[in-house]
Amino acid sequence: MALSEFELIQRYFDYQPAAGSRDDVVLGIGDDAAILAVPDDRDLVVCMDTLVTGVHFPESVTADAIGHKALAVNLSDLAAMGAEPAWFTLSLTLPDADSQWLELFAQGLFALADRYHVQLVGGDVTRGPLNITVQAHGLVPKGRALKRSGAAVGDRIYVTGTLGDAGLALQQGSTASAGLRQRLDYPEPRIDAGLALRGLVSACIDISDGLLADLGHLLAADGLGAILQVDDLPRSQDFLATMETLGDSGNLSYNVPLSAGDDYELCFTVPPGQGAELESALAALPGSCTAIGVIEQGGGLRCQRQDGSIWQPAANGYQHFRAKI
């Protein structure tokens, strides 16, 4: 017999966190709405992302990877704001109540939720084409949230981790290496890095639609420009090995990290003289960080090679309502 909506919620999503329920959850799943206690000395940070089959993940991807990614992309937004994850809600549209799919989805979702002590406090389940929407909530000390605005001329531009792995995995499809595929299916939100960046950086954004597109948003917030050193782009050994196999020493090796998206790393700017303190703060964290450019006066974003020549990228990033550009 098929499960009802309420039986489905109770079986797969009325979950007891591994560390126990959060003290700031006054009322969670089971009522018309959740009741959450926001401390007086904290600002509430809220974000929301939707994942659609065939757009954000291929139809062949496993359900646990979808569950992980649905929460991870939202935690990445919280990381970019320097917020500590607290709660999330889930809106799930399903073509049918497939118990095996739901079991795996819930495993991937709650494994990541437990790692960051973020609790599911409500949502909705309905029938239709597969569609997952998560709204995440985080807390940050009052007035200390990181923002896209705030960069200044002379600030150095940094990124965490490596770029281009997920985009290359998407291009390679079934032939992608396990390491590249892991980065596409199981992105790691840089929560610890985001917390460490508070008070050290002038502006911050997460990289979801490609470095050029997302850095462009950061620059637009203050009407600034930048120059990127494309030879300094951090690329993984898996990425470089695949490039070598393809015989590509330039085009893909630069264009994918610049524009493919799905990296979910952080891009941020640091005032002159604070680079050593920043690098020390992030040294012990996964992914570390790499300096890749400098903020300039005026609009525009230039890509430069080590020899001083200008590199012209083939694409600027992903936009949902245009073809990939």
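The pair R22-D24 counts as a salt bridge, with a side-chain nitrogen and a carboxylate oxygen less than 4.0 angstrom apart. The residues E296 and R302 are annotated as salt-bridged, a charged nitrogen and a carboxylate oxygen being separated by less than 4.0 angstrom. No salt bridge links D41 with K142; every basic N to acidic carboxylate O contact stays at or beyond 4.0 Å.
One side chain, T50 or T133, offers a donor N or O that lies under 3.5 Å from an acceptor on the other. Side-chain contact check for D155 and S202: at least one donor-acceptor pair (N or O, by modelled atom type) lies under 3.5 Å. Neither side chain, S236 nor R183, offers a donor N or O lying under 3.5 Å from an acceptor on the other. Checking D114 against Y15 by side-chain atom types alone, a donor-acceptor pair falls below 3.5 Å. Under the 3.5 Å distance criterion, with hydrogens and angles disregarded, no donor-acceptor pair is assigned to the side chains of Q119 and H117. Side-chain N/O atoms of D64 and T62 include a donor and acceptor closer than 3.5 Å. Remark: the T126 side chain and the T93 side chain contain no N/O donor-acceptor pair separated by less than 3.5 Å.
Two residues are said to be in side-chain contact when any heavy atoms from C-beta on lie closer than 4.5 Å; V118 and F110 fail this criterion. Within the 4.5 Å cutoff, side-chain heavy atoms of S99 are placed close to those of Y12. Two residues are said to be in side-chain contact when any heavy atoms from C-beta on lie closer than 4.5 Å; L104 and I66 fail this criterion.
Within a 6.0 Å radius of CG in D23, other residues, nucleotides and ligands contribute 12 heavy atoms or fewer. Remark: R305 CZ is packed, more than 12 non-hydrogen atoms of other residues, nucleotides or ligands lying under 6.0 Å away.
D206 places no side-chain N or O within 3.5 Å of a backbone atom of C267 that could act as its donor or acceptor partner. No donor-acceptor pair closer than 3.5 Å links the side chain of D263 to the backbone N or O of E265. Side-chain N or O atoms of K69 include one that pairs as donor or acceptor with a backbone N or O of L184 at under 3.5 Å. Between the T269 side chain and the A203 main chain, a donor and an acceptor come within less than 3.5 Å of each other. Under a 3.5 Å cut-off, the side chain of S259 and the backbone N or O of V256 do not form any donor-acceptor pair. A distance-only check finds a donor-acceptor pair linking the side chain of D214 to the backbone of S208 [under 3.5 Å].
Taking CG of L266 as the start and SG of C204 as the end, the distance is 4.5 Å to the nearest 0.5 Å. Once rounded to the nearest 0.5 Å, the distance linking CG of L224 with CD of Q297 reads 6.5 Å.
When all heavy atoms are compared, the tightest approach of D222 to G150 is OD2-N, 2.7 Å.
Grouped by direct or indirect side-chain proximity (heavy atoms under 4.5 Å, Ile/Leu/Val/Met/Phe/Trp/Tyr only), V294 sits with I227.
Hydrophobic cluster membership differs between L146 and Y116, with clusters built from Ile, Leu, Val, Met, Phe, Trp and Tyr side chains linked at under 4.5 angstrom. Under the 4.5 Å side-chain contact rule for hydrophobic residues, Y264 and L195 share a cluster.
When the options V38, V45, L78 are evaluated for a side chain to side chain contact (heavy atoms under 4.5 Å, CB included) with L139, the one that passes is V38.
Within the structure, ring-ring contact (aromatic ring centres under 6.0 Å, His included) contacts touching residues 145-178 (residues at least two apart or in different chains) are Y158-F268.
Note: F105 and F13 have perpendicular aromatic rings, judged against thresholds of 30 and 60 degrees for the angle between ring planes.
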